[in-house]
Asks: 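One structure is given below, represented as structure tokens, and several questions about it will come after.
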There are 2 protein chains.
Amino acid sequence: MSNENIFYPHVSVDCVVFGFDGEKLKVILIERTINEQNELYNDKKLPGSLIFSEEDLDVSANRVLTELTGLKNIYLSQFRTFGSPDRTKNPRDVLWLENTTKLKIGRIITTGYVAMVKIDRKLQFNSDTTTAKWHDVAEVAKMSLAFDHNEIIQWGLKHIRNQVEIQPHLLFELLPTKFTISQLRTLYDVINQVKSDVRNFQKKVAQMPYVVALDELEKGVPHRAARLYRYKK
Amino acid sequence: MSNENIFYPHVSVDCVVFGFDGEKLKVILIERTINEQNELYNDKKLPGSLIFSEEDLDVSANRVLTELTGLKNIYLSQFRTFGSPDRTKNPRDVLWLENTTKLKIGRIITTGYVAMVKIDRKLQFNSDTTTAKWHDVAEVAKMSLAFDHNEIIQWGLKHIRNQVEIQPHLLFELLPTKFTISQLRTLYDVINQVKSDVRNFQKKVAQMPYVVALDELEKGVPHRAARLYRYKK
DNA sequence: TTGAATATTGTATAAATTACACTATCAATA
DNA sequence: TATTGATAGTGTAATTTATACAATATTCAA
């Protein structure tokens with residue numbers, strides 16, 4: 001094996017954090033400003049950054065997420081690594097990288113992580129120049145994000161679909177503590193891109209021992225109030 | 001974000017290539033010899049190596065697999081990236097790395113790929129010092145492999161289990177062109193760690209339009225010969 | 001009181017999964 | 001050539017799971 005072709009790529013992590021507002025699937029993006037020949041250009045990217053020297057990849061994903069969004073103790077699940085040299089083919093991305101890292105960067109290999117969090121959790125961040133905000137996943141698909149972040153989000157979405165099929169418990173990460181069956185169904189449908197039958201869905205929920213009915217109804221709705229449920233264990 | 005903690009890890013790929021001998025699940029390992037204070041030490045590792053400078057990760061996995069096993073045009077599917085700094089905590093592994101790469105290596109982040117190939121494919125290799133051979137997956141689990149390769153194999157195994165559930169077609173990658181239902185069932189059972197009922201399995205196969213019966217029986221068996229089938233499309 | 005909006009509930013049918021045991025075939029050998 | 005050992009091959013009933021489908025209940029607001 002010859003050595004002259006071996007070099008030292010940079011390694012980063014990117015977090016695809018999903019939320020649910022009761023109606024639509026959301027994802028956290030960070031605003032990015034690039035100073036391009038004294039013209040300021042704004043676009044959006046996933047929360048992500050280079051890993052530290054002796055830092056475990058999973059640990060790094062948690063650190064970066066906290067630094068850029070303020071979210072702590074989030075379960076992050078690795079789903080795929082993106083390693084095309086074309087990831088840095090856009091000069092705007094390279095410019096931004098070199099400005100923010102003060103490093104000369106040839107290529108970056110990034111590992112994607114997904115998380116599912118309750119959308120009412122507060123987003124905070126260290127830096128003055130980045131702002132983490134929720135965006136509609138459907139809207140984001142039409143936007144042009146930094147690097148290959150559109151592609152990363154699609155893979156992340158695919159990943160949570162698979163995850164949720166194996167572990168339906170994960171759905172409750174996205175719902176408020178108290179929720180209606182209707183919210184649960186909407187979430188299920190939006191993730192799986194289906195339209196479930198109301199009665200059959202009720203039946204399905206009824207045989208989930210970990211979804212327990214509360215003695216409480218939703219409030220402030222201009223129609224019959226739905227019963228609230230919570231997730232147990 | 002401070003820069004002093006950012007550095008340039010090495011990036012590699014490792015291939016977990018599964019085969020099936022009609023009875024047991026197999027995996028390709030490479031023999032490794034380490035010269036430790038003039039004592040030769042032998043052990044085994046997955047086929048894997050550092051990526052090249054401008055090489056796509058997927059392309060790299062294919063190149064490395066061909067270089068180390070002679071296998072060409074294999075469909076490799078990425079399943080997980082291993083990024084613990086502890087991956088190089090064994091001095092023996094570091095010694096081997098530095099001898100083979102002539103590089104000073106602190107840590108290596110590796111991306112795992114799986115492949116499923118017919119076990120009768122010929123294994124060939126460039127180097128005089130490595131030999132690729134099939135090993136029982138069950139036996140390998142009891143061996144101590146290089147780096148975290150035991151762990152990588154377990155993740156790979158989990159991955160093909162999921163894959164095969166979604167895409168039962170993949171099973172036929174592991175079988176000879178002509179196979180018996182009994183072989184198919186044994187393979188199914190060994191991958192899913194179950195014991196399927198013979199009659200129910202026949203029923204299941206009967207409703208797979210892509211498994212077609214041949215007008216041919218197996219030969220050289222000291223009992224009633226089973227009908228041969230092949231995979232179509 | 002009425003209408004608008006959403007919540008809640010059951011039954012019949014079809015499809016998929018599971019459990020279960022005897023006969024058929026062939027080669028080796030007595 | 002009869003017997004034995006080893007594996008192939010086959011069907012039915014019961015259970016579980018998935019699907020299709022519509023009328024009544026509750027609440028708020030007009």
Side-chain angles (χ1 to χ4, degrees), chain A residues 20-24 161-162 164-169 171 175-176 178-231, chain B residues 20-24 161-162 164-169 171 175-176 178-231:
Chain A
F20 178 64
D21 67 359
E23 192 177 347
K24 287 175 175 171
R161 240 171 242 150
N162 290 338
V164 157
E165 189 173 1
I166 301 165
Q167 275 281 335
H169 293 244
L171 284 175
L175 289 171
K178 299 174 180 179
F179 53 87
T180 67
I181 302 286
S182 169
Q183 284 173 319
L184 177 56
R185 180 166 45 81
T186 306
L187 173 59
Y188 178 93
D189 285 1
V190 82
I191 286 184
N192 296 300
Q193 296 182 302
V194 294
K195 184 100 185 97
S196 348
D197 176 85
V198 181
R199 276 175 288 187
N200 293 338
F201 193 83
Q202 292 272 0
K203 219 184 306 177
K204 194 187 292 192
V205 173
Q207 55 198 39
M208 294 179 181
Y210 47 88
V211 177
V212 302
L214 297 174
D215 218 3
E216 203 175 337
L217 302 182
E218 63 177 343
K219 280 174 187 148
V221 287
H223 53 73
R224 177 175 175 184
R227 176 172 295 276
L228 291 171
Y229 291 75
R230 71 185 174 84
Y231 171 67
Chain B
F20 178 65
D21 67 359
E23 192 177 348
K24 287 176 174 172
R161 242 171 239 148
N162 291 337
V164 158
E165 191 173 1
I166 300 164
Q167 276 281 333
H169 292 244
L171 285 176
L175 289 171
K178 299 173 180 181
F179 53 86
T180 67
I181 302 286
S182 168
Q183 284 174 319
L184 177 57
R185 179 166 45 80
T186 306
L187 173 58
Y188 178 94
D189 286 1
V190 82
I191 286 185
N192 297 300
Q193 297 184 299
V194 294
K195 185 101 184 95
S196 346
D197 177 84
V198 180
R199 276 175 288 189
N200 293 337
F201 194 84
Q202 292 272 2
K203 217 183 310 176
K204 194 186 291 193
V205 172
Q207 55 199 39
M208 294 178 180
Y210 46 90
V211 177
V212 302
L214 297 174
D215 219 4
E216 202 176 337
L217 301 181
E218 63 177 343
K219 280 176 189 147
V221 287
H223 53 73
R224 176 175 175 183
R227 176 172 296 276
L228 291 171
Y229 291 76
R230 71 184 175 85
Y231 171 67

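Not measured: the values here are computed from a predicted model. First the proteins, then the strands, lettered A, B, ... as listed; each starts at 1.
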Asks: Quick one: list whatever passes salt bridge (Lys or Arg N to Asp or Glu O under 4.0 Å) with B:Lys24, sequence neighbours left out.
Replies: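 Partners of B:Lys24 under the salt bridge (Lys or Arg N to Asp or Glu O under 4.0 Å) test: B:Asp136.
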Asks: Is any side-chain heavy atom of B:Gln183 closer than 4.5 Å to a side-chain heavy atom of B:Tyr188?
Replies: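 Contact flag for B:Gln183/B:Tyr188 side chains = no.
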Asks: Using heavy atoms to find the nearest nucleotide of DNA chain C for A:Asp197 and A:Ala226 separately, return the residue whose nucleotide is more 5′.
Replies: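 In this pair, the answer is A:Ala226.
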Asks: Check the distance between D:dA8's C1' and B:Glu216's CD and give it to me in whole angstrom.
Replies: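 Result: 17 Å.
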Asks: Minimum heavy-atom separation for B:Leu171 and B:Leu187, please, with both atom names.
Replies: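 Shortest heavy-atom separation between B:Leu171 and B:Leu187 comes out as O-CD2, 3.4 Å.
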Asks: What parts of residues 199-214 of chain A reach DNA chain D, counting only heavy atoms under 4.0 Å away?
Replies: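 The answer is A:Arg199, A:Asn200, A:Lys203.
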Asks: Who pairs with B:Asp21 by salt bridge (Lys or Arg N to Asp or Glu O under 4.0 Å), at least two apart in sequence or on another chain?
Replies: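 By the salt bridge (Lys or Arg N to Asp or Glu O under 4.0 Å) rule, B:Asp21 matches B:Lys26.
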Asks: Using the side chain to side chain contact (heavy atoms under 4.5 Å, CB included) criterion, which residues pair with B:Ala213? Sequence neighbours excluded.
Replies: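 So B:Ala213 forms a side chain to side chain contact (heavy atoms under 4.5 Å, CB included) with B:Arg227, B:Tyr229.
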Asks: Please enumerate all residues that pass side chain to side chain contact (heavy atoms under 4.5 Å, CB included) together with A:Thr186, with sequence neighbours excluded.
Replies: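 Listed in chain order: A:Phe20, A:Ser182.
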Asks: For A:Thr180, answer base if it contacts any base atom (sugar-phosphate contacts may also be present), sugar-phosphate if it contacts only those atoms, and nothing otherwise; contact means non-hydrogen atoms under 4.0 Å.
Replies: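 A:Thr180: no heavy atom of the nucleic acid under 4.0 Å.
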Asks: How would you list, by chain and number, every residue that makes a side chain to side chain contact (heavy atoms under 4.5 Å, CB included) with B:Lys203, sequence neighbours excluded?
Replies: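 Expected list: B:Asn200.
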Asks: Identify each atom pair where a protein N or O and an N or O of nucleotides 23-30 of chain D are less than 3.5 Å apart, giving names and distance.
Replies:
from, atom 1, to, atom 2, distance (Å)
D:dA25, N3, A:Arg224, NH1, 3.1
D:dT26, O4', A:Arg224, NE, 3.4

Asks: Does A:Glu216 have any salt bridge (Lys or Arg N to Asp or Glu O under 4.0 Å) partners at least two apart in sequence or in another chain, and if so, which?
Replies: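 Partners of A:Glu216 by the salt bridge (Lys or Arg N to Asp or Glu O under 4.0 Å) criterion, ordered by chain and then number, come out as A:Lys178.
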Asks: Donor-acceptor pairs under 3.5 Å, side chain of residues 217-226 of chain A to any protein atom, not counting sequence neighbours: which ones?
Replies:
from, atom 1, to, atom 2, distance (Å)
A:Glu218, OE2, A:Ala226, N, 3.0

Asks: What are the bounds, 5' to 3', of the part of DNA chain C that sits under 4.0 Å from heavy atoms of chain A?
Replies: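 Contacts span C:dA5 to C:dT11, reading 5' to 3'.
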Asks: Applying side chain to side chain contact (heavy atoms under 4.5 Å, CB included), name anything that partners B:Arg161, two or more places apart in sequence or on another chain.
Replies: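 Expected list: B:Leu157, B:Ile191, B:Asn192, B:Gln193.
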